[in-house]
Amino acid sequence: MTAAAQLSGVGVSYRSVDGPVVALRGVDLVCEAATSTSIVGRSGSGKSTLISVLSLLRRPTEGSVCIEGVAVSDMRERERAALRAGRIGIVFQAFHLEPSLTVVDNVMLGWHFAPHGLSRAAARERACSDLEELGIGDLAARRPHALSGGQRQRVAIARAVFTRPALLVADEPTGNLDEETAGDVAALLLALPRAHGTALVMVTHDTTIAALAQHRMRLDRGVLARVAP
Ligand SMILES: Nc1ncnc2c1ncn2[C@@H]1O[C@H](COP(=O)(O)OP(=O)(O)OP(=O)(O)O)[C@@H](O)[C@H]1O
């Protein structure tokens, strides 16, 4: 089966006044559909850089990135943006909801930005049913400021999976939540690969949550390795 995402020999170097800084070196990663992968690593180990490469926000200095078997290196920026909007969902630590929109309209943002065959009514129905599945169906008409952190993150998850992405990238998704809420949100995220067939890649500093993923990886000074079981 074609992997949802595959990184081969990925390296990233930044230019700095003191010379190049190598953030990732020789990173190989295969994210199969319907699987979950956690990535842990110290501050500065390259986690944000890896997330930005996986979500097509940064081009690697070396190596290749494929999304559903399609190499993205030769794509123009516009094509990469379309691929990102349609096939990649992103969940951020700080939620990044649109404050002026209701919960259901936040979730439907994916309908506006990605190619789709859904009518507005069908899109609304999907958004509401996803919110229901995530346990916040009753909050559809609220605005983000009237939600708790855990509720905001559930909205952000609903928005990220709206297009049924091949790849779901979560960047410290529980970093702004208390321990109990973090556990609940992590459980919801980790259930998504089975429910929607998406490949989940989650960067987290929480080793308890990381241990719940099917595949566990660690970044150490830019080198990605499997965590021993
Ligand atoms: N724009 C940049 N210019 C130069 N060096 C950078 C730049 N961005 C990141 N780096 C360096 O690349 C390395 C990896 O950084 P990255 O932000 O990916 O790490 P991280 O694991 O996400 O860290 P944190 O957990 O603190 O956010 C670090 O050594 C960092 O200093």
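On a predicted model such as this, the values are computed, not experimentally measured, just so you know. FYI, the numbering just counts along the sequence from 1.
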Inset, instruction - For residues 62-98, pull every pair meeting ring pair (Phe, Tyr, Trp, His ring centres under 6.0 Å), keeping only residues two or more places apart or in separate chains. - result: Phe92-His96
Inset, instruction - Evaluate the side-chain contact (heavy atoms from CB on, under 4.5 Å) criterion for residues Ile90 and Ile51: first the C-alpha distance (whole Å), next the side-chain angles of each, then the deciding distance (0.1 Å), finally the verdict. - result: CA-CA 9 Å; Ile90 310 177; Ile51 287 276; 5.6 Å; no
Legend entry - Residue pair Ala4 / Ala166: nearest heavy atoms and the distance that separates them: CB-O, 3.4 Å
Legend entry - All pairs passing salt bridge (charged side-chain N to carboxylate O under 4.0 Å, His left out) where residues 93-113 contributes a residue, at least two apart: Asp105-Arg124
Legend entry - Interatomic distance, Glu125 atom CD to Arg120 atom CZ [nearest 0.5 angstrom]: 14.0 Å
Donor-acceptor pairs are to be reported for all side-chain atoms of residues 19-33 against protein atoms at under 3.5 Å, with residues two or more places apart or in another chain.
residue, atom, partner, partner atom, Å
Arg25, NE, Arg221, O, 3.4
Asp28, OD1, Gly9, N, 2.7

Inset, instruction - Taking Gln153 for its side chain and Gly150 for its backbone only, find out whether a donor-acceptor pair lies under 3.5 Å. - result: no
Inset, instruction - Name all pairs fulfilling the side chain to side chain donor-acceptor pair (under 3.5 Å) condition that reach into residues 2-13, sequence neighbours left out, sorted by first residue then second. - result: none
Inset, instruction - State the CZ-OG1 distance between Arg84 and Thr163, to the nearest 0.5 angstrom. - result: 12.5 Å
Inset, instruction - Check salt bridge (Lys or Arg N to Asp or Glu O under 4.0 Å) between Glu68 and all other residues, then give those that pass, not counting sequence neighbours. - result: Arg87
Inset, instruction - Enumerate the residue pairs fulfilling side chain to side chain donor-acceptor pair (under 3.5 Å) with a member in residues 134-148, sequence neighbours excluded, ordered by first and then second residue. - result: Ser148-Gln151
Legend entry - Side-chain donor-acceptor pair present, Thr49, Tyr14, cut-off under 3.5 Å: yes
Legend entry - Results of salt bridge (Lys or Arg N to Asp or Glu O under 4.0 Å) for Glu77 - residues two or more places apart only: Arg59, Arg80
Inset, instruction - Go through the structure and list residues passing salt bridge (Lys or Arg N to Asp or Glu O under 4.0 Å) with Arg126, not counting sequence neighbours. - result: none
Legend entry - Closest heavy-atom pair and its distance - Val107, Ala127: CG1-CB, 3.6 Å
Legend entry - Inter-residue atom distance Leu54.CG - Leu7.CG, 0.5 Å rounding: 5.0 Å
Inset, instruction - State, to 0.1 Å, how close Leu101 and Asn106 come at their nearest heavy-atom pair, and which atoms those are. - result: O-ND2, 3.2 Å
Legend entry - Flag, side chain of Asp171 to backbone of Gln93, donor-acceptor distance under 3.5 Å: no
Report, one line per pair, each donor and acceptor closer than 3.5 Å where one atom sits in a side chain of residues 207-217; sequence neighbours left out.
residue, atom, partner, partner atom, Å
Gln214, OE1, Ser36, N, 2.9
Arg216, NH1, Ala213, O, 2.7

Inset, instruction - Could you list all the salt bridge (charged side-chain N to carboxylate O under 4.0 Å, His left out) pairs where at least one residue sits in residues 149-164, not counting sequence neighbours? - result: Asp130-Arg164
Inset, instruction - Report the residues that fulfil side-chain hydrogen bond (donor to acceptor under 3.5 Å, both in side chains) with Asp178, sequence neighbours left out, ordered by chain and then residue number. - result: Thr181
Legend entry - Close side-chain approach of Leu200 to Thr35, heavy-atom, < 4.5 Å: no
Inset, instruction - Taking all heavy atoms of Pro173 and all of Val91, pick out the closest pair and write down the distance. - result: CB-CG1, 4.1 Å
Inset, instruction - Answer whether the closest heavy-atom distance between the side chains of Val40 and Asp206 falls below 4.5 Å. - result: no
Legend entry - Close side-chain approach of Glu79 to Val72, heavy-atom, < 4.5 Å: no
Inset, instruction - Find out whether Leu219 and Ile39 are in side-chain contact, i.e. whether some heavy atom of one side chain is under 4.5 Å from a heavy atom of the other. - result: yes
Legend entry - Pairs involving residues 182-205, ordered by first then second residue, that meet salt bridge (charged side-chain N to carboxylate O under 4.0 Å, His left out) (sequence neighbours left out): none
Inset, instruction - State whether the side chain of Lys47 and the backbone N or O of His205 hold a donor-acceptor pair below 3.5 Å, judged by distance alone. - result: no
Inset, instruction - Look only at the side chain of Ser55 and the backbone of Leu57, and say whether a donor-acceptor pair between them is shorter than 3.5 Å. - result: no
